[in-house]
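In this chain, residues are counted from 1 in sequence order. Just so you know, ligand 1 is whichever comes first in the structure, and atom 1 is the first atom listed for that ligand.
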Amino acid sequence: MNILILGGGGREHALAWAVKQNPKCDRLIVAPGNAGIAGIAEIADLDIVDGGAVCSFAEENAVDFVIIGPEAPLDAGVADALEAAGVLCLGPSAAAARLESSKSFTKEVCDACDAPTAGWARFTDAEAARAHVEQQGAPIVIKADGLAAGKGVVVAMDLAQARAALDEMFSGAFGAAGAEVVIEECMEGEEASFFVLCDGDNVLPIGTAQDHKRVGQGDTGPNTGGMGAYSPAPVLTDAIADLAMAQIIRPTVAEMARRGTPFRGVLYAGLMIKDGQPRLVEYNVRFGDPECQVLMMRLGAQALDLMLACAERRLERARVNWADDHALTVVLAARGYPGAYEKGSRIGGLSELPETSAQMCFHAGTRRGADGSTQAAGGRVLNATARGATLREARDLAYALVDRVDWPDGFCRDDIGWRAL
Ligand code: AMP
Ligand code: GLY
C-alpha cells in the first residue's frame with residue numbers, strides 16, 4: 001500500500017523507519033520530512049495543516065493510508081477532511097483532538113467520567129484568577145487553555161511565580177491560547193506516559209515511557225520538548241497500568257463516544273503516580289516526541305499493522321507482540337537550545353553510523369545543505385536511539401551512537417535514564 005506520513009521530526013523519522021520494514025508498505029511518502037527521512041522515503045512539499053491540500057495530494061498519489069504525526073494538523077481538522085474524502089487515516093477528528101487542544105475541555109471530560117486528576121478551576125477574568133491563586137496558595141499550576149507549543153504551563157513554586165505567570169498569560173503572551181487560563185492543584189509523584197491506540201470503542205496499550213523535559217543534567221534548568229526518553233517506564237507497573245486503563249483511559253474513551261465525538265487515534269496519557277495510584281496530568285492526541293522513537297524501536301514493523309487496525313476500527317482483535325526489551329533515546333540539540341540557537345552547522349559522521357533493528361540515529365531537525373552535507377535545522381536535531389535486553393544495554397548502545405556523531409555545535413545530556421538505572 002501507499003502510505004503518507006505528515007510531519008518532519010524525529011517522531012516521523014521513527015514512524016517511517018518502522019512502517020518501511022513492514023512488507024505491506026509499497027510506497028512511503030513523508031511531508032515535509034527531513035534529511036534523515038529523505039534517506040528512506042520520498043519527500044513531499046505539502047502544507048500539512050491544509051486539509052484540502054492533503055486530500056488532493058493523497059488522491060493524486062493513490063495514497064491508501066495517512067499517518068498524522070503532530071498536533072497542528074489534527075487541531076486544523078486534517079483527519080476530518082481525509083475521512084470526508086474517504087482516505088484511511090490515523091489521527092482523531094478536530095473535535096476529539098480537543099483532549100489536547102483545550103485543557104479545560106479535558107478537565108470537563110475527566111469530571112464527567114470521574115477520572116482521577118488534579119483539582120481545577122478556569123478563568124477568563126484576570127482579577128478572579130488572581131484572587132483564586134491568593135486563596136489557594138503555592139505550589140500551584142497555571143496553564144494557558146489552548147495549544148502553546150508546550151510553553152503554556154507554569155508550575156509555580158511560590159506566589160510570586162504564580163502572579164507573574166498570570167500576568168504573562170492575561171497580557172496575551174500566548175494569544176488566543178491564553179484567553180482562558182486553567183489553574184490546577186499541584187500534584188506530587190513520579191510522571192510517566194502511557195500510550196494507547198483507540199478506534200472509538202476499543203483501546204489497545206502500545207507502550208509506556210518516561211522522558212526528561214529539563215535541559216540540564218539531573219533534570220535541572222529550563223523546560224524543553226524532551227531531551228531523551230526510555231521505554232518501558234518502570235514506575236508504570238502492570239497494576240498501575242490496569243488502574244490507568246480502568247479509571248482514566250476507558251472512561252475517557254466512553255465519554256468521548258457518548259458525546260458523539262469518538263476518539264480514534266493515538267491517545268497519550270501523561271500520568272502522575274503516587275502511592276500506587278495514577279492521576280491524569282494531561283492528554284496528547286498523538287505520539288510523543290521523542291517517546292515515539294523508543295516505542296517504534298520496540299514495536300518495529302508491527303507498528304503499521306497496529307495503526308491500520310486502529311484506523312480500520314478492528315482493534316478488538318489486534319494484539320501486540322511484546323519482546324522483553326528496553327529502548328532509550330538521547331536527544332542531540334543545537335547549542336543554546338531551548339534558548340536562541342544557530343541553524344546551519346554541519347554534522348559529520350552520520351553516514352558511517354550503524355543502522356540496525358537495535359541502533360538508529362533518527363533525524364529530528366536536519367536538512368541537506370547545497371554541498372550535500374547534513375546540517376542542523378532546528379533546536380532538537382538528532383535522536384540516538386537503541387534497544388537492548390536491559391535498559392543499561394540500550395543506554396550504552398545509544399551513547400555509542402552519540403560518540404560517533406561529529407557535531408561540535410551540538411550537545412546532549414549524558415544521564416538519560418538515570419532515574420530508572
Ligand atoms: P502539560 O503540558 O499539561 O503536560 O504540563 C507540562 C508539565 O507540567 C507536566 O509534564 C508536569 O510535569 C507539569 N504539570 C502539569 N500539570 C501539573 C499538575 N497539576 N501538578 C503537577 N505538575 C503538573
Ligand atoms: N515529549 C512530549 C511531547 O511530545 O509532548
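Those atoms of ligand 1 with a heavy atom of K103 less than 4.0 angstrom away are 2 (O), 3 (O). For ligand 1, the atoms closer than 4.0 angstrom to any heavy atom of A118 are 19 (N). Near C186, meaning under 4.0 Å from one of its heavy atoms, ligand 1 places the atoms 20 (N), 21 (C). Counting the atoms of ligand 1 from 1 in the order shown, those under 4.0 Å from a heavy atom of E184 are 16 (N), 18 (C), 19 (N). Those atoms of ligand 1 with a heavy atom of E185 less than 4.0 angstrom away are 18 (C), 19 (N), 20 (N). Numbered from 1 in the order shown, with element, the atoms of ligand 2 that lie under 4.0 Å from a heavy atom of D211 read 1 (N). Using a 4.0 Å cut-off to heavy atoms of K143, the atoms of ligand 1 that qualify are 3 (O), 15 (C), 16 (N). Those atoms of ligand 2 that come under 4.0 Å of a heavy atom in G225, given as number and element, are 1 (N), 2 (C). Of all atoms in ligand 2, listed by their number and element, those nearer than 4.0 Å to a heavy atom of R286 are 3 (C), 4 (O), 5 (O). Close approach of ligand 2 to G288 (heavy-atom distance below 4.0 Å) involves ligand atoms 4 (O).
Polar contact check, D289 against ligand 2: a nitrogen or oxygen pair lies under 3.5 Å apart. Considering backbone and side-chain atoms alike, V141 places every N or O at 3.5 Å or more from each N or O of ligand 1.
Minimum interatomic distance between A79 and G91 (heavy atoms only, all atoms of both residues): CB-O, 3.5 Å. Residues A364 and N383 come closest through the heavy atom pair CB-OD1, 3.9 Å. Between F65 and L90, the shortest heavy-atom contact is CE1-N, 3.7 Å.
Remark: distances from the non-hydrogen atoms of E188 to ligand 1 are all 4.0 Å or more. Residue contact check for ligand 1: G270 places no non-hydrogen atom closer than 4.0 Å to it.
Considering only non-hydrogen atoms, atom 20 (N) of ligand 1 lies nearest to M187 out of K213, M187, M272. Of the listed residues (R214, E191, R279), the one carrying the non-hydrogen atom nearest atom 10 (O) of ligand 1 is E191. With I140, T117, V155, L280 as candidates, the residue nearest to atom 23 (C) of ligand 1 on a non-hydrogen basis is V155.
Side chains of E83 and S93: a donor-acceptor N/O pair is absent below 3.5 angstrom, by distance only. Side-chain polar atoms of R346 and T374 form no donor-acceptor pair below 3.5 angstrom.
When the side-chain contact (heavy atoms from CB on, under 4.5 Å) test is applied to Q136, the partners found at least two apart in sequence or on another chain are H132, I140.
For E355, the CD atom counts as loosely surrounded, since its 6.0 Å shell holds 12 or fewer non-hydrogen atoms of other residues, nucleotides or ligands.
Note that the CE atom of M297 and the OG atom of S231 stand 12.0 Å from one another [nearest 0.5 Å]. Note that CD1 of I273 is 4.0 Å distant from CG of L236, once rounded to the nearest 0.5 Å.
In E282, the part holding a heavy atom less than 4.0 Å from any atom of ligand 1 is the side chain. Contacts between E291 and ligand 2 below 4.0 angstrom, taking non-hydrogen atoms only, involve the side chain exclusively.
Among residues at least two apart or in separate chains, side chain to side chain donor-acceptor pair (under 3.5 Å) pairs with a member in residues 301-311 are N22-D305, K24-D305.
Protein heavy atom nearest atom 2 (C) of ligand 2, with residue, atom name and distance: Y268 OH, 3.4 Å.
Distance alone, capped at 3.5 Å, is enough to place a donor-acceptor pair between the H13 side chain and the H363 backbone.
V266 has its side chain within reach of L197: a pair of non-hydrogen atoms, C-beta onward, lies under 4.5 Å apart.
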